[in-house]
Amino acid sequence: MERVDVVGPLDVSRSHSCTSPFKSYSFLSLSPVLPLPRLSLRTRRTFYDTRDPRVLPGAGSLFGKVTWTSTAMAEGEEASPPPTSDSDSWEKDLGEALETGGCDLETLRNIIQGRPLPADLRAKVWKIALNVAGKGDSLASWDGNLDLPEQTTIHKDCQELIDQLSVPEEKTDALLLNVESVITFYCKSRNVKYSTSLGWIHLLKPLVNLHLTRSDLYNCFYAIMNKYIPRDCFLKGRPFHLFRLLIQYHEPELCSFLDTKKMTPDSYALNWLGSLFSCFCSIEVTQAIWDGYLQQADPFFIYFLMLIILVNTKDVILAQESDNKEEIIQFLENTPSSLNIEDIEDLFSLAQYYYSKTPASFRKDNHSLFGSPLLGIKDDDTDLSQALCLAISVSEILQANQQQGEGVRFFVVDCRPAEQYNAGHLSTAFHLDSDLMLQNPSEFAQSVKYLLEAQKQSIESGSVAGGEHLCFMGSGREEEDMYMNMVLAHFLQKNKEYVSIASGGFMALQQHLADINVDGPENGYGHWIASTSGSRSSINSSVDGDSPNGSNDGRGMKSLVNKMTVALKTKSVNVKEKVISFIENTSTPVDRMSFNLPWPDKTSTERHVSSSDRVGKPYRGVKPVFSIGDEEEYDTDEIDSSSMSDDDRKEVVNIQTWINKPDIKHHFPCNEVKENGHMFPSHLLVTATHMYCLREIPSRKGLAYIQSRQALNSVVKITSKKKHPELITFKYGNSSTSGIEILAVERYLIPNAGDATKAIKQQIMKVLDALES
């Protein structure tokens, strides 16, 4: 049985029933598959996945069966209830903090720690959370005239609200006047025409119940409308298109079902969002929800509360037999009415979990939904209704895999054609040629299989490229990304969760890297971009209008694309090697940005190696570049270094695991030899297309750094010293009609060097023959 720990106050197992228009059911619990984030340093709660057949449906609460363990419990020790806390103590601290004045929201959070608010202190806490504590009377200069054309409707709705509340008769008239004044003044000051469908009465209901003054009532209402009710909160509005993308990201099966039934989120969630659940929930439940929501101080958190409520109905919705669309919509819309006070803690715990598993771009790229239009925030003109899936900014993609521990991490899938990928790609990206989907479906299917295997292995090994969130990257040009969109649709149809697209594609990535490195080469980003064509060239300047070789031909990015289209073709490469190619690109730790590639000097005429140097059949018409021979005592090709510095690209792997990989064709124990004579115990591993050097970590037996990885087709020479035949030098570079350009040199002391070099040579020849054909 799967178990998930989260921290929170004691809860009691319970069950709830709800009668839908088409069937009666008991709420089933929902448990995430990964640990929920800690909310406080108190008792650890354990959720059990009631989808496990060993757990009886309906046995738990609305959001899960709750049992208790102590955070300090020894292994195997029985669970015991948490110690009873002194409730009077923290409430007293809260009261004192509120009385002293000047208390901020962070101080309140530290005292409250997610516990239910005392009713007598709620009004003060909310005013601080809404940042209206001590604010003046906005209605002071108003003439008080209740004379709007729709005043009769306003008065009628306000009267119905007062009738729903337990208000002493002697206070009814004054309260009615206050509520009607608040709505009327808001309409006049904001130039808004009132209608009952706006749902303002529902928003005012929890506030009126706090017995606020007219000034505080207006200020709180204004703050909620301004900060927590999104713009375009109406049928087919932008907020609901965004909610659909969130559902699709976490629950693609449910999203697909609702899409098939043509039930858009606005059809059932309009009043959820427009009233912050107050339309359906009791005042007590609504106030409990708002207690947590206002303390979160993040307007987007309502999306995750809505998501949990919707997902909790998933089993019921998918199993229902009714085809009546209106009945299902009515059932979904009324779902929040089944919430009880006891459910709120679990609701927030699960919402917090989904929040933590959602890319930050969901909020950052849609921040214009909330806040006053008077602030001058530019609206995003992206049509979310046409979005295939959630879009992720390239800056988040680069930053995400720098994080340690929990958090959203992306497995980037580059879907551009092979020639564009080979010319330059994100160093941690896996290549999936989207053209194969139509041109070679069987190879595409195999590529997808190995992609998922590579994703799984990268997560298990802790690779910097590993991530459970799939992010697909295209070129950034709509006409070129048509096939990538088909690949995306393929994964979505398979109900694959955590599927997203890189906003702006590879073109946006290049531009972003150029933007964050405007200060010069000391902040170089060479290690972010890799090439599998054998060239370790810089394509940095392409985003500034320069061609990849450093000269400015005025065509900018188009010039780069034109060069890419004639680059080395590798579509016929066995799909298994794509996994190897992916692994080859995951070595650079993204928590540092070391400059490894030549910085393009726009004023210099010095030629930089270009990814377009090797086009078509790169070795035709030139002298064979691969050779094995004796090395002279003083070699003019000598340059210091392997292609990777000792301090960079420190990906840690298990040596035996790598040796046993099915793709490894040869393994040679050796010592890596540096220019200063220092030797490091290492292992050379050869695959069908690449050669890896794993340097042993002395302090960690059985583990090694991936010190080097080189494409076999970039080997131009293998030489040995006459006096030391076991000292083998590998030279990597490019070949053209003008000669050989050495880019990197690596030396190894290899026992039985003759056998090793023979095997490596044979594999290189196979690669060259494949390229030639």
Side-chain angles (χ1 to χ4, degrees), residues 2-5 31-37 49 249-252 353-354 356-361 389-390 392 396-415 425-432 446-473 487-488 491-492 494-502 530 575-591 649-664 687 692 694 700 702-706 709:
E2 189 145 9
R3 187 174 117 169
V4 180
D5 292 335
S31 295
V33 297
L34 292 175
L36 297 174
D49 192 342
Y249 194 77
H250 290 282
E251 292 289 341
Y353 168 78
Y354 278 85
S356 71
K357 305 299 288 184
T358 301
S361 295
C389 62
L390 194 64
I392 311 299
E396 181 175 7
I397 294 172
L398 295 180
Q399 293 168 7
N401 287 24
Q402 297 183 47
Q403 300 173 0
Q404 301 295 324
E406 297 298 322
V408 175
R409 295 173 64 89
F410 297 101
F411 185 88
V412 180
V413 182
D414 193 322
C415 290
H425 57 268
L426 184 66
S427 60
T428 55
F430 181 97
H431 184 229
L432 177 65
Q446 284 296 310
S447 295
V448 170
K449 176 183 177 182
Y450 287 113
L451 181 155
L452 297 176
E453 289 180 0
Q455 181 190 22
K456 180 181 177 182
Q457 292 175 12
S458 66
I459 294 173
E460 292 175 350
S461 66
S463 167
V464 294
E468 58 181 340
H469 298 253
L470 280 177
C471 186
F472 292 83
M473 178 176 289
V487 172
L488 263 173
F491 277 83
L492 293 172
K494 299 293 184 182
N495 294 327
K496 177 68 176 174
E497 64 180 5
Y498 301 153
V499 171
S500 62
I501 185 172
V575 292
K576 285 189 178 181
E577 303 314 321
K578 295 183 178 180
V579 179
I580 307 299
S581 181
F582 159 71
I583 297 172
E584 183 236 352
N585 297 323
T586 62
S587 62
T588 305
V590 293
D591 58 347
R649 311 192 178 196
K650 297 292 189 180
E651 181 181 353
V652 178
V653 298
N654 184 286
I655 298 173
Q656 199 57 46
T657 299
W658 270 62
I659 293 173
N660 294 336
K661 283 186 176 183
D663 305 291
I664 301 299
T687 70
Y692 298 79
L694 306 186
R700 303 174 67 182
L703 299 181
Y705 294 126
I706 300 180
R709 45 173 63 98

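S500 places a side-chain N or O within 3.5 Å of a backbone atom of L470 that can act as its donor or acceptor partner. Within the 3.5 Å criterion, the main-chain N or O of R409 finds no donor-acceptor partner in the side chain of E468.
L488 is listed as a side-chain neighbour of V499, based on a closest heavy-atom distance under 4.5 Å. The closest side-chain heavy-atom distance from V413 to V487 is not below 4.5 Å. Side-chain contact between R700 and V652: present, with at least one pair of heavy atoms (C-beta onward) separated by less than 4.5 Å.
Below 30°, between 30° and 60°, or above 60°: for Y249 and H469 the angle between ring planes is below 30°, a parallel geometry.
Atom CD of Q455 is separated from atom OH of Y498 by 11.5 Å, given to the nearest 0.5 angstrom. Taken to the nearest 0.5 Å, the OH atom of Y353 stands 8.5 Å off from the NE2 atom of H250. For the atom pair CZ of F410 and OG1 of T428, the computed distance is 11.5 Å after rounding to the nearest 0.5 Å. Between L426 atom CG and I397 atom CD1 the span is 7.5 Å, to the nearest 0.5 Å. The CZ atom of F472 sits 4.0 Å away from atom CZ of F491, with the distance rounded to the nearest 0.5 Å.
When all heavy atoms of G467 and S458 are compared, the pair lying nearest together is N-OG, 4.3 Å. When all heavy atoms of A704 and I655 are compared, the pair lying nearest together is CB-CG1, 3.5 Å. Closest heavy-atom contact between L432 and S447: CD1-CB, 3.3 Å.
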TODO: Decide yes or no on side-chain contact (heavy atoms from CB on, under 4.5 Å) for V408 and I392, but give the supporting numbers first.
DONE: CA-CA 11 Å; V408 175; I392 311 299; over 6 Å; no
Open item on the list: Could you walk me through whether L703 and N654 satisfy the side-chain contact (heavy atoms from CB on, under 4.5 Å) test, starting with their C-alpha distance in whole Å, then the side-chain angles of each, then the deciding distance to 0.1 Å, before giving a yes or no?
Closed with: CA-CA 5 Å; L703 299 181; N654 184 286; 4.2 Å; yes
TODO: Test side-chain contact (heavy atoms from CB on, under 4.5 Å) on F411 and L451 and set out the steps.
DONE: CA-CA 10 Å; F411 185 88; L451 181 155; 4.1 Å; yes
Task: Residues F430, V412; criterion side-chain contact (heavy atoms from CB on, under 4.5 Å); working and verdict - done: CA-CA 6 Å; F430 181 97; V412 180; over 6 Å; no
